[in-house]
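Data first, discussion second: the structure below is written as C-alpha cells.
In each ligand, atom 1 is the first atom listed, and ligand 1 is the first ligand listed. The structure presented is a predicted model; accordingly, all values stated were derived computationally and were not measured. Side-chain atoms are counted along with the backbone in the values below, which use heavy atoms only and exclude waters and symmetry mates.
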Amino acid sequence: MIKPVKHNEPLVTHIYTADPSAHVFEGKLYIYPSHDLDHEQISNDNGDQYDMEDYHVLSMEDENSPCIDHGEALHLRDIPWVKQQLWAPDVAYKNNTYYLFFPARDHDYIFRIGVATSSTPVGPFIPQPSYIPGSFSIDPAVFVEGDRAYMYFGGLWGGQLEKWQTGEFVTDAVELAPDAPALGPRVAELSDDMLRFKETPHEISIVDPSGRPLLAGDEDRRYFEGPWMHKYNGKYYLSYSTGTTHKLVYAIGDNPYGPFTFQGTILTPVIGWTTHHSIVNFQDKWYLFYHDSSLSSGADNKRCVKFTELKYNADGTIQTIDPYR
Ligand code: FUB
C-alpha cells in the first residue's frame, strides 16, 4: 500500500525527483518535477551531472494523501529539437489545454525552452517540433493571470544566462565583476496560443530596500536560477534560488515585470547543491514544494521532492523555513 505523504519527507521514493512545479488542476495537487536518473555522474559547474531524459507527473488528492506517480509523460526521444538534459519544467492551463514548458539543450548544446501539450494534466504531452522562437536558458515558470500568461526563466552557469548578455549567444562570455549589477531573470508574456513569446523577453530588476540593484557579488541575495511567481494580497512575489549560497529567497513587486524589492529567505540551505521550489495555494493553505538530496544521502544529481506549509506574517513577509528542524 502507498503511504500518505508527510511534510518534509520525500513525496516518492521509487524514483529520484527534483525541481517541483506544483499546481492545482481539477481540484487536485499536481506536481511537475524533473526526473533525476539513478546513475553515477561527476558534478561540475556546467551541470553535466543533471542528465535527465524524461518527465513523470505526480499528484496528491490533498496534503494527507499518498502521492501518485502517473508515469512517463514526455521522453527526450520524442522531441525532435532536443539533444539532451530535460531540466526543470512547469505546466500551465489555458485554452482547455495543459502546456508543459521545459528547458533542454538543442543539437548545438544551447539551452532552449520547449512546449508540449495535452488535454489532461497527466499527459502524455505532445511536443512542438521546435523550441519557442527567441527562447534561451533554463527553468521556465509560467504565471497565468486572467487572459494573460507570463514566462519567467533564466539560470546562471550551466543555465547559460551569462552567455546571453548581448541578446546573442556568446560562447566565451566574460564573467560579471562582483560590483556590476547582477543579471536578472527574464520575463516575457506568452502569445494567446501559449506557443510563442508575444514580446522580446525583458530582464527583471531586483533591488535592495533602498532601491539599488543587487550586485553580482551579492551571492546571498542575487538571482541564480529557479524563478517562481505567485500573488498574495495584491502583490507579486518573485522567488528564486541563490545558487552558490544555496538559499530560496524572494522579492516583492507591484506588477509582473517588477522591479522587485528583495525581502528575505524562504528556505535555508538543504542537503545537496541545488535548491529549487514552487509555491501554491491549495485548500486555504499555502505550500512550499522543494527538493533536497536526502534520499541519496547527498548525491547532487539524485534528489527528492518534498513539501511543507508556508506561512506569512501580518505584513505580507514570508516566515523562513528550516526543513530539518
Ligand atoms: O535539475 C536541473 C537544474 O538543477 C535545474 O534546472 C536547476 O534549477 C537546478 O535545480
Can you find a side-chain donor-acceptor pair between D69 and H14 that sits under 3.5 Å?
yes

Between Y50 and ligand 1, is there a nitrogen or oxygen pair with a distance under 3.5 Å?
no

Taking the non-hydrogen atoms of H291, is any one of them nearer than 4.0 angstrom to ligand 1?
yes

From the list F102, F136, W87, ring-ring contact (aromatic ring centres under 6.0 Å, His included) partner of F111 resolves to W87

Atom 1 (O) of ligand 1: the protein heavy-atom neighbour that sits closest, reported with distance to 0.1 Å
D19 OD2, 2.5 Å

Can you say whether the rings of Y32 and F125 are parallel (under 30°), tilted (30 to 60°) or perpendicular (over 60°)?
perpendicular

Between ligand 1 and W87, is the shortest N or O to N or O distance under 3.5 Å?
no

So which heavy atom in the protein is nearest atom 9 (C) of ligand 1, and how far is it from that ligand atom?
E225 OE2, 3.3 Å

Would you say D36 has any N or O atom under 3.5 Å from an N or O of ligand 1, going by distance alone?
no

With heavy atoms of A88 as the reference, note each atom of ligand 1 found under 4.0 Å away.
6 (O)

With atoms numbered from 1 as shown, which atoms in ligand 1 lie under 4.0 angstrom from a non-hydrogen atom of M52?
1 (O), 2 (C)

Would you check if there is a donor-acceptor pair between the side chains of N95 and T97 at a distance under 3.5 Å?
no

What part of A18, side chain, backbone, both or neither, has a heavy atom within less than 4.0 angstrom of ligand 1?
neither

Any idea how W157 and F224 line up, ring-wise: parallel (<30°), tilted (30 to 60°), or perpendicular (>60°)?
perpendicular

Side chains of T274 and R303, donor plus acceptor under 3.5 Å
yes

Heavy-atom distances under 4.0 Å are what count here, so tell me which part of R303 touches ligand 1: side chain, backbone, both or neither.
side chain

Close-contact set for ligand 1 against D139 heavy atoms, below 4.0 Å
5 (C), 6 (O), 7 (C), 8 (O)

Could you tell me whether the side chains of S294 and K306 share a donor-acceptor contact shorter than 3.5 Å?
yes

Mind telling me whether W81 and Y131 have parallel, tilted or perpendicular rings, with 30° and 60° as the class edges?
perpendicular

Under 4.0 Å from any heavy atom of H276, which atoms of ligand 1 are there?
7 (C), 8 (O), 10 (O)

